[in-house]
Amino acid sequence: MNEYTLKIANGRTIRVMAKSGGEAMKKAIKSEKCTPDEITVVSVREVHVYRRSN
C-alpha cells in the first residue's frame, strides 16, 4: 500500500491509502467532489501493512 498526499485546488490537503495512483485519484475525486485537474500529488510514501493471523 502507498500513502498519497494530495493537494486539492481549493487549498485542502488530504492523505489517501491506495495501491496505485489511479486508485488514489478516484478516492480523492469521490470524497472531495472535484475534477482530476484540480488535484496535485504532493508526495507518495510506501507503507508496509503486516497482518497477524490468530
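Note that these values count all heavy atoms, side chains included, but never hydrogens, waters or copies made by symmetry.
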S.K.: Which pairs count as salt bridge (charged side-chain N to carboxylate O under 4.0 Å, His left out) when at least one residue sits in residues 21-31, sequence neighbours excluded?
M.R.: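 For residues 21-31, and leaving out neighbouring residues, the salt bridge (charged side-chain N to carboxylate O under 4.0 Å, His left out) pairs sorted by first residue read Glu23-Lys27.
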S.K.: Give every residue pair that meets the salt bridge (charged side-chain N to carboxylate O under 4.0 Å, His left out) criterion with at least one member in residues 11-20, sequence neighbours excluded.
M.R.: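 Every salt bridge (charged side-chain N to carboxylate O under 4.0 Å, His left out) pair that includes a residue of residues 11-20, provided the two are not neighbours, is Arg12-Glu32.
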S.K.: Can you give me the closest heavy-atom contact between Ile14 and Ala28, atom names plus distance?
M.R.: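 Of all heavy-atom pairs spanning Ile14 and Ala28, the closest is CD1-CB, 3.8 Å.
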S.K.: What closest approach, in Å, do Ala18 and Ala24 show between heavy atoms, and which atom pair accounts for it?
M.R.: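 Result for this residue pair: CB-N, 3.6 Å.
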S.K.: What about Val44 and Ile39, same hydrophobic cluster or not, with Ile/Leu/Val/Met/Phe/Trp/Tyr joined at side-chain heavy-atom distances under 4.5 Å?
M.R.: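 Val44 and Ile39: one cluster.
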S.K.: When rounded to the nearest 0.5 angstrom, what is the spacing between CD1 in Ile29 and CD in Glu38?
M.R.: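 Separation between the atoms: 9.5 Å.
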S.K.: Which atom pairs, one a donor and one an acceptor, fall under 3.5 Å between side chains of residues 2-9 and the rest of the protein, sequence neighbours left out?
M.R.:
from: Glu3; atom 1: OE1; to: Arg45; atom 2: NE; distance (Å): 3.1
from: Glu3; atom 1: OE1; to: Arg45; atom 2: NH2; distance (Å): 2.9
from: Tyr4; atom 1: OH; to: Gly21; atom 2: N; distance (Å): 3.1
from: Thr5; atom 1: OG1; to: Ser43; atom 2: OG; distance (Å): 3.3

